[in-house]
Trainee: 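Supplied in structure tokens, the structure appears directly below.
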Amino acid sequence: MPTTTVNFVRHGEVFNPRHVLYERLPGFHLSDHGKEMVQASASFIAHNEGMCAATALYSSPLDRTRETAEIIEATVDPVREALGLQDFQITFDPRLIEAGNEFRGTRIGYGKGALWRRKNIVLLRNLRRPSWGETYQQIAARVKDFTFEKVQEHPGQQIIVVSHESPIWTFRHLMETGHPEHNMLRRNTDLASITSLEFDSGTCALIKVSYVSPAAGMIR
């Protein structure tokens, strides 16, 4: 059977000088440094034969992922044109969105985000679920639904998918261990990194996982 490789790209650094937990809030864009990080990963994709020839480019609809996808599109399209391939057309899918979080808009430990507040302590009752927002089971389910759908739509091909740390790692953890619950402090999903999952196109069975962080030297 042919295989389908889904290349998950995490967005770059976000301009957030107040260190607000921005979650799904609008108005949080890539910083200038973040754009440079994405440019490094976009160049990596452009020079990778399989990724450059990907048949589709999907993205979470949030500002930072939209901007990341646009940089990838602008960087890779000239190379694709030289190879006689069609330009990318970005498709936005809400299943790739950031995990929901009840602390959105706050600074953890400060003001409304102070952990000593009773309503916040209650939210922290279960660290493995987690209990402060969308559960790992829910995150993994929507990303799995998206991924398996696209694996079967693109047999024998590669696709590029721009998303966020939690959805990418939670789904990877599910595929590798059989359960999505994990220690969030042990995620291996750098900003602008690429996590590639190769699946059997017919059965959606995971064959291989690979990871690269083209902008690792730029992380601060």
Trainee: Rounded at 0.5 Å granularity, tell me how far CZ in Arg95 sits from OG in Ser163.
Mentor: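 Going from CZ on Arg95 over to OG on Ser163, the span is 12.0 Å.
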Trainee: Begin from the C-alpha positions of Tyr136 and His179 and carry the test side chain to side chain contact (heavy atoms under 4.5 Å, CB included) through to its verdict.
Mentor: CA-CA 9 Å; Tyr136 291 137; His179 61 86; over 6 Å; no
Trainee: List the atom of His164, the atom of Ser60, and the distance in Å for their closest heavy-atom pair.
Mentor: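 Of all heavy-atom pairs spanning His164 and Ser60, the closest is NE2-OG, 2.9 Å.
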Trainee: For residues 204-212, which side-chain donor-acceptor pairs fall under 3.5 Å, sequence neighbours excluded?
Mentor:
unit_1 : atom_1 : unit_2 : atom_2 : d
Tyr211 : OH     : Asp190 : N      : 2.9

Trainee: Can you tell me how far the CZ atom of Arg64 sits from the OH atom of Tyr22, to the nearest 0.5 Å?
Mentor: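 The CZ atom of Arg64 sits 5.0 Å away from the OH atom of Tyr22.
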Trainee: Quick one: CD on Glu165 to OG1 on Thr195, what's the gap to the nearest 0.5 Å?
Mentor: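 Taking CD in Glu165 and OG1 in Thr195, the distance rounds to 10.0 Å.
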Trainee: Examine the side chains of His182 and Arg187 and answer whether a donor and an acceptor come within less than 3.5 Å of each other.
Mentor: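 Present: a donor and an acceptor within the cut-off.
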Trainee: How long is the gap from CZ on Arg186 to NE2 on His173, to the nearest 0.5 Å?
Mentor: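 It is 8.5 Å, given to the nearest 0.5 Å.
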Trainee: Looking at Phe88, I'd like to know if the NZ or CZ of Arg80 sits under 6.0 Å from its six-membered ring centre while staying within 45 degrees of the ring's axis.
Mentor: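 Ring-cation test returns yes.
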Trainee: Same cluster or not: Val6 versus Val162, using hydrophobic residues (I, L, V, M, F, W, Y) connected whenever any side-chain heavy atoms lie under 4.5 Å apart?
Mentor: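 Per the 4.5 Å side-chain linkage, Val6 and Val162 are not co-clustered.
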Trainee: Can you list every side-chain hydrogen bond (donor to acceptor under 3.5 Å, both in side chains) pair that touches residues 68-79, not counting sequence neighbours?
Mentor: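 Found Gln39-Thr75.
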Trainee: Name the one of Val151, Thr147, Leu197 that satisfies side-chain contact (heavy atoms from CB on, under 4.5 Å) with Thr4?
Mentor: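 Checked Val151, Thr147, Leu197 against Thr4; only one passes side-chain contact (heavy atoms from CB on, under 4.5 Å): Val151.
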Trainee: When hydrophobic residues are tied together by side-chain contacts of less than 4.5 Å, even through go-betweens, does Ile45 share a cluster with Val79?
Mentor: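 No; tracing contacts between hydrophobic side chains, which count when under 4.5 Å, never links both residues.
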Trainee: Do you know which two heavy atoms are closest between Leu174 and Ala140, and how far apart they sit?
Mentor: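 So the minimum-distance heavy-atom pair works out to CD2-CB, 3.8 Å.
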Trainee: Distance from Lys144 atom NZ to Gln137 atom CD, nearest 0.5 Å?
Mentor: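 One finds 10.0 Å between NZ of Lys144 and CD of Gln137.
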Trainee: At their closest point, which heavy atom of Ile219 faces which heavy atom of Leu191, and how far apart are they?
Mentor: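 Looking at all heavy atoms of both residues, the closest pair is CD1-N, 4.4 Å.
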Trainee: Quick check: closest heavy atoms across Asp63 and Gly27, and the distance to 0.1 Å?
Mentor: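 Of all heavy-atom pairs spanning Asp63 and Gly27, the closest is OD2-N, 2.8 Å.
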Trainee: Cluster question for you: counting only ILVMFWY and a side-chain heavy-atom cut-off of under 4.5 Å, with indirect links fine, are Ile160 and Leu96 together?
Mentor: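 Each belongs to a different hydrophobic cluster.
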Trainee: When you measure from the side chain of Glu149 to the backbone of Phe146, do you find a donor-acceptor pair of N or O atoms at a distance under 3.5 Å?
Mentor: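 Flag not set: sc Glu149 to bb Phe146 has no pair under 3.5 Å.
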Trainee: With a 3.5 Å cut-off and no angle check, do the side chains of Thr3 and Ser201 form a donor-acceptor pair?
Mentor: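 The criterion, which ignores hydrogens and geometry beyond distance, is not satisfied for Ser201 and Thr3.
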Trainee: Can you spot which of Ile194, Thr189, Val161 makes a side-chain contact (heavy atoms from CB on, under 4.5 Å) with Phe8?
Mentor: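 Filter result, single survivor: Val161.
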Trainee: Does a side-chain N-to-carboxylate-O contact under 4.0 Å join Glu153 and Lys150?
Mentor: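 Yes, charged N to carboxylate O under 4.0 Å.
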Trainee: Could you state whether Val9 and Ile90 fall into the same hydrophobic cluster, counting links through intermediate Ile, Leu, Val, Met, Phe, Trp or Tyr residues with side-chain heavy atoms under 4.5 angstrom apart?
Mentor: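 Yes, it is one cluster - the side chains of Val9 and Ile90 are joined through contacts under 4.5 Å.
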Trainee: Which is it for Leu25 and Phe28 under the side chain to side chain contact (heavy atoms under 4.5 Å, CB included) test, yes or no, and what are the steps along the way?
Mentor: CA-CA 7 Å; Leu25 295 175; Phe28 286 89; 4.0 Å; yes
Trainee: Looking just at side-chain N and O atoms, do Thr5 and Glu198 make a donor-acceptor pair shorter than 3.5 Å?
Mentor: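 There is no such pair between these side chains.
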Trainee: Of all the heavy-atom pairs spanning Glu98 and Leu62, show the shortest one and how long it is.
Mentor: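 Glu98 and Leu62 have their closest heavy atoms at CB-CD1, 3.9 Å.
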Trainee: Side chains of residues 52-59: which donor-acceptor partners sit under 3.5 Å, not counting sequence neighbours?
Mentor:
unit_1 : atom_1 : unit_2 : atom_2 : d
Thr55  : OG1    : His154 : ND1    : 2.9
Thr55  : OG1    : Gln158 : O      : 3.4
Tyr58  : OH     : His154 : NE2    : 2.9
Ser59  : OG     : Thr65  : O      : 3.3

Trainee: Can you tell me how far the OG1 atom of Thr170 sits from the CE atom of Met175, to the nearest 0.5 Å?
Mentor: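 It comes to 11.5 Å.
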Trainee: Begin with the C-alpha distance, continue with both residues' side-chain angles, and end with the deciding distance and a verdict on side chain to side chain contact (heavy atoms under 4.5 Å, CB included) for His29 and Phe15.
Mentor: CA-CA 6 Å; His29 302 274; Phe15 181 71; 5.8 Å; no
Trainee: Distance alone, cut at 3.5 Å: any donor-acceptor contact between the side chains of Glu13 and Ser31?
Mentor: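 The criterion, which ignores hydrogens and geometry beyond distance, is satisfied for Ser31 and Glu13.
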Trainee: Against Ile71, only a single residue in Met37, Lys35, Glu36, His11 fulfils side-chain contact (heavy atoms from CB on, under 4.5 Å); can you say which?
Mentor: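 When Met37, Lys35, Glu36, His11 are each tested with Ile71, the side-chain contact (heavy atoms from CB on, under 4.5 Å) holds only for Lys35.
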Trainee: Where do Val143 and Pro167 come nearest, in terms of heavy atoms and distance?
Mentor: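 Looking at all heavy atoms of both residues, the shortest contact is CG2-CB, 3.9 Å.
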Trainee: Tell me, please, whether Phe92 has Arg66 positioned over its six-membered ring: NZ or CZ under 6.0 Å from the ring centre and within 45 degrees of its axis?
Mentor: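 Arg66 over Phe92 ring: yes.
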